[in-house]
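Each chain gets a letter, A, B and so on, in the order its sequence line appears, and its residues count up from 1. Computed from heavy atoms alone, side chains included, the values below leave out hydrogens, waters and symmetry copies.
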Protein chains: 2
Amino acid sequence: MAFRHPDRDQIRIEDVLSALGNGVRLAVVRILDAGGEHNCTSVLNTLGITAKSTMTHHWRVLRDSGIIWQQPSGRENLLVLRRDDLDARYPGLLDAILSGARTDEGHAAARPR
Amino acid sequence: MAFRHPDRDQIRIEDVLSALGNGVRLAVVRILDAGGEHNCTSVLNTLGITAKSTMTHHWRVLRDSGIIWQQPSGRENLLVLRRDDLDARYPGLLDAILSGARTDEGHAAARPR
DNA sequence: CCAACTGTACCGCGATTGTCGAACTATCGC
DNA sequence: GCGATAGTTCGACAATCGCGGTACAGTTGG
């Protein structure tokens with residue numbers, strides 16, 4: 001299949017922010033950041049049930065905005081966080097977001113929205 | 001009028017990111033960060049022409065996500081970046097985003113999208 | 001080869017978003 | 001009070017989003 005990924009210098013912060021301004025995608029990034037090998041279904045399972053076609057949509061958004069690599073390998077797609085590219089282009093951004101997500105989880109988890 | 005602003009600990013990073021995942025709102029934050037007193041029309045003028053009702057929408061998004069204070073003062077609304085609250089809750093986030101926006105502006109301005 | 005498995009493509013749906021114009025409210029200066 | 005000014009509210013609109021279902025394509029193990 002071979003997906004189109006933006007080069008490092010084609011990444012735009014606006015796209016990154018709007019991609020991560022979504023709970024599901026932010027959760028995906030947190031999972032990928034935690035390390036380990038991941039394919040689509042493994043993330044999908046960690047998140048609880050979500051339709052595969054829905055996740056395909058989220059993969060595309062994350063991929064197009066330059067946040068993840070998605071590499072076909074056999075019948076799976078390996079998912080990798082583009083931490084080096086993001087850190088190089090936007091130093092401190094990813095760490096701030098990830099630790100921010102942890103902050104929210106900590107003391108603002110249960111609110112009526 | 002008196003607008004409803006979220007408390008510092010009610011701010012959610014997901015809202016902040018999706019609020020700033022928009023060029024107009026990101027530009028607004030950059031303007032506010034540059035310092036000085038701002039009301040709605042002054043920002044609107046700096047941005048070039050945009051309908052006032054459109055900006056009212058953006059003010060609400062920025063306000064609801066906890067990024068700005070909007071304080072009625074006479075017949076104007078003073079706009080202030082909530083830098084202290086954002087820095088307290090998400091250390092480094094705002095700086096990373098602002099300098100990231102500067103990065104994008106620098107060497108990725110002209111691309112077909 | 002064939003069945004199971006991994007994931008995408010495509011279509012449709014309701015909800016949200018970004019934009020604007022028009023009408024309205026509130027305040028200021030005279 | 002009157003006109004100008006600042007900004008909101010409301011309604012409309014096209015575009016996009018998030019989600020799921022169904023169908024399809026490539027890979028693997030027996």
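Among pairs with a residue in residues 48-76 of chain A, none fulfils salt bridge (charged side-chain N to carboxylate O under 4.0 Å, His left out), at least two apart in sequence or across chains. Sorted pairs that involve residues 13-45 of chain A and meet ring pair (Phe, Tyr, Trp, His ring centres under 6.0 Å), not counting sequence neighbours, are lacking altogether.
In this entry the distance linking CG of A:L17 with C1' of C:dT17 reads 17 Å, nearest Å. Computed from coordinates, the A:R60 CZ to C:dG7 P distance equals 16 Å when rounded to whole Å. Between the C1' atom of C:dG18 and the CD atom of A:E14 lies a distance of 12 Å, rounded to the nearest Å. Rounded to a whole Å, the CD atom of A:Q71 is 19 Å from the P atom of C:dT6.
With sequence neighbours excluded, the residues forming a side-chain contact (heavy atoms from CB on, under 4.5 Å) with A:T50 are A:T54, A:M55, listed by chain and number. Considering only residues two or more places apart in sequence or on other chains, A:S53 meets the side-chain contact (heavy atoms from CB on, under 4.5 Å) condition with A:A51. Residues passing the side-chain hydrogen bond (donor to acceptor under 3.5 Å, both in side chains) test with B:R83, sequence neighbours excluded: B:D33, B:D87, B:D95. Considering only residues two or more places apart in sequence or on other chains, A:S65 meets the side-chain contact (heavy atoms from CB on, under 4.5 Å) condition with A:D15, A:A19, A:I67. For B:H58, the side-chain hydrogen bond (donor to acceptor under 3.5 Å, both in side chains) test picks out B:R25, with sequence neighbours left out.
Counting heavy atoms from C-beta on, the side chains of A:L94 and A:V16 never come closer than 4.5 Å.
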Give me, pair by pair, the N or O atoms of the protein and of nucleotides 17-21 of chain D that are less than 3.5 Å apart, along with how far apart they are.
| unit_1 | atom_1 | unit_2 | atom_2 | d |
| --- | --- | --- | --- | --- |
| D:dG18 | OP1 | A:N22 | ND2 | 3.2 |
| D:dG18 | OP1 | A:R25 | NH2 | 3.1 |
| D:dG18 | OP2 | A:R25 | NH1 | 3.1 |
| D:dG18 | OP2 | A:H57 | NE2 | 3.1 |
| D:dC19 | OP2 | A:H58 | NE2 | 2.7 |
| D:dG20 | OP2 | A:A51 | N | 3.4 |
| D:dG20 | OP2 | A:T54 | OG1 | 3.3 |
| D:dG20 | N7 | A:S53 | OG | 3.2 |
| D:dG20 | N7 | A:T54 | OG1 | 3.3 |
| D:dG21 | N7 | A:S53 | OG | 3.0 |
| D:dG21 | O6 | A:S53 | OG | 2.8 |

Taking only N/O atoms, report every protein-nucleotides 1-7 of chain D pair under 3.5 Å with atom names and distance.
| unit_1 | atom_1 | unit_2 | atom_2 | d |
| --- | --- | --- | --- | --- |
| D:dA6 | O4' | B:R75 | O | 3.1 |
| D:dA6 | O3' | B:R75 | O | 3.4 |
| D:dG7 | OP1 | B:C40 | N | 2.9 |
| D:dG7 | OP1 | B:N77 | N | 3.2 |
| D:dG7 | OP2 | B:T41 | N | 2.9 |
| D:dG7 | OP2 | B:T41 | OG1 | 2.4 |
| D:dG7 | O3' | B:N77 | ND2 | 2.7 |
| D:dG7 | N7 | B:K52 | NZ | 2.3 |

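In this structure, A:V80 belongs to a hydrophobic cluster whose other members, linked by side-chain heavy atoms under 4.5 Å apart, are A:W69.
Residues A:L78 and A:I31 do not share a hydrophobic cluster, defined by chaining ILVMFWY side chains whose heavy atoms lie under 4.5 Å apart.
Taking five base pairs at each end of the helix from C:dC1-D:dG30 to C:dC30-D:dG1, the local helix axes there meet at an angle of 30°, rounded to 10°.
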